[in-house]
Amino acid sequence: MYSTSIRDNKCLVECITVLERVRTIKFIIDTGAMFTCCNYKFLDAHMKEEALKRNETKILGGFVKGLLVIFYKCNLKQFTIGNIDMGKQDIWITFDKRVTDTVLGMDILKQVMMITNPYNQKIYFCKDAEDYNKNFCLKTE
């Protein structure tokens, strides 16, 4: 189980990504986002767009005042939410400098249990039912 606090109606979750190198990135939890997305610089500042030209692409809006942005599918060797290892995951990266947010979307969030506790303003993540039954207890303080 992993937990994080809700502050200013926003929740940041620390994630570990492994492409060629291990990186720790704070993603914004966004249950309205279909995909996990970020700027390439968070994963590898030396990455070149040409290296991903053959990858699947998506054109998504909502990141820059409703304007469309091109994202490339990026196959991570590992993605970890807090201490929950999600194994290999695909995320979407852009080379558009206007995109500065890191978004943890439903493509990954739907693979874990997520519980919001209004009493202590925390969000809890459990890998599966066994993790939930073993570790989760509603605390009102």
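Throughout, residue positions are numbered sequentially from 1 according to the sequence presented.
- Residue F71 is grouped with residue V103 when hydrophobic side chains (ILVMFWY) are merged at heavy-atom distances under 4.5 angstrom, including chains of intermediate members.
- Residues L104 and I6 are members of one and the same hydrophobic cluster, defined by side-chain heavy-atom contacts under 4.5 angstrom among Ile, Leu, Val, Met, Phe, Trp and Tyr.
- Rounded to the nearest 0.5 angstrom, D131 CG and I84 CD1 are separated by 5.5 Å.
- For K73, the salt bridge (charged side-chain N to carboxylate O under 4.0 Å, His left out) partners at least two apart in sequence or on another chain are E56, D90.
- D85 contributes a side-chain N or O that, together with a main-chain N or O of G87, makes up a donor-acceptor pair within less than 3.5 Å.
- Separation of atoms CE (M114) and CD1 (I81) is listed at 9.0 Å; rounding is to 0.5 Å.
- Residue-environment remark: CE (M34) stays at or below the threshold of 12 foreign heavy atoms within 6.0 Å.
- In this structure, M1 and N135 approach most closely via the heavy-atom pair CE-O, 3.4 Å.
- Looking at F95 and M47, their side chains come closer than 4.5 Å, going by heavy atoms from C-beta outward.
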Evaluate R98 against V69 for side-chain contact (heavy atoms from CB on, under 4.5 Å), listing each step before the verdict. CA-CA 9 Å; R98 301 172 299 168; V69 176; 4.1 Å; yes

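- Hydrophobic clustering places I59 together with Y72 (ILVMFWY residues linked when any side-chain heavy atoms are closer than 4.5 Å, directly or through intermediates).
- Linking Ile, Leu, Val, Met, Phe, Trp and Tyr whenever their side-chain heavy atoms come within less than 4.5 Å leaves F79 and W92 in two separate clusters.
- No donor-acceptor contact under 3.5 angstrom links the side chains of T94 and N39, judged on distance only.
- In this structure, Y124 OH and Y2 OH are separated by 12.0 Å, a value rounded to the nearest 0.5 Å.
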Between S3 and K122, does the side-chain contact (heavy atoms from CB on, under 4.5 Å) criterion hold? Intermediate values first, please. CA-CA 7 Å; S3 70; K122 286 188 175 271; 4.2 Å; yes

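- Remark: the E49 side chain and the Y40 side chain contain no N/O donor-acceptor pair separated by less than 3.5 Å.
- Side-chain atoms of L60 and L68, non-hydrogen and from C-beta on, never get closer than 4.5 Å to each other.
- Dense packing is recorded around CD1 of I115, with more than 12 heavy atoms of other residues, nucleotides or ligands lying under 6.0 Å away.
- Considering SG of C38 and CD1 of I28, their distance stands at 11.5 Å, rounded to 0.5 Å.
- Looking at heavy atoms from C-beta onward, F27 lies in side-chain contact with T36 at the 4.5 angstrom threshold.
- Counting only N and O atoms by type, the side chains of Q78 and Q89 include no donor and acceptor under 3.5 Å apart.
- Taking the side chain as every heavy atom from C-beta outward, L76 and I91 approach each other to under 4.5 Å.
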So I29 and I123, side-chain contact (heavy atoms from CB on, under 4.5 Å) or not? Walk me through it. CA-CA 10 Å; I29 294 174; I123 294 181; 4.3 Å; yes

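- More than 12 heavy atoms of other residues, nucleotides or ligands sit less than 6.0 Å from atom NZ of K58.
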Check: residues 11-24 side-chain donor-acceptor pairs under 3.5 Å, at least two apart:
residue : atom : partner : partner atom : Å
R23     : NE   : L43     : O            : 3.1

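- Contact check for M86 versus T80: no side-chain heavy atoms found under the 4.5 Å cut-off.
- In this structure, D107 CG and F35 CZ are separated by 6.5 Å, a value rounded to the nearest 0.5 Å.
- Counting only heavy atoms from C-beta outward, the side chains of I108 and Q111 approach each other to under 4.5 Å.
- Under the 4.5 Å side-chain heavy-atom criterion for grouping Ile, Leu, Val, Met, Phe, Trp and Tyr, I70 is not connected to V99 through any hydrophobic cluster.
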side-chain contact (heavy atoms from CB on, under 4.5 Å) between N83 and F125, intermediate numbers included: CA-CA 9 Å; N83 61 356; F125 295 88; over 6 Å; no

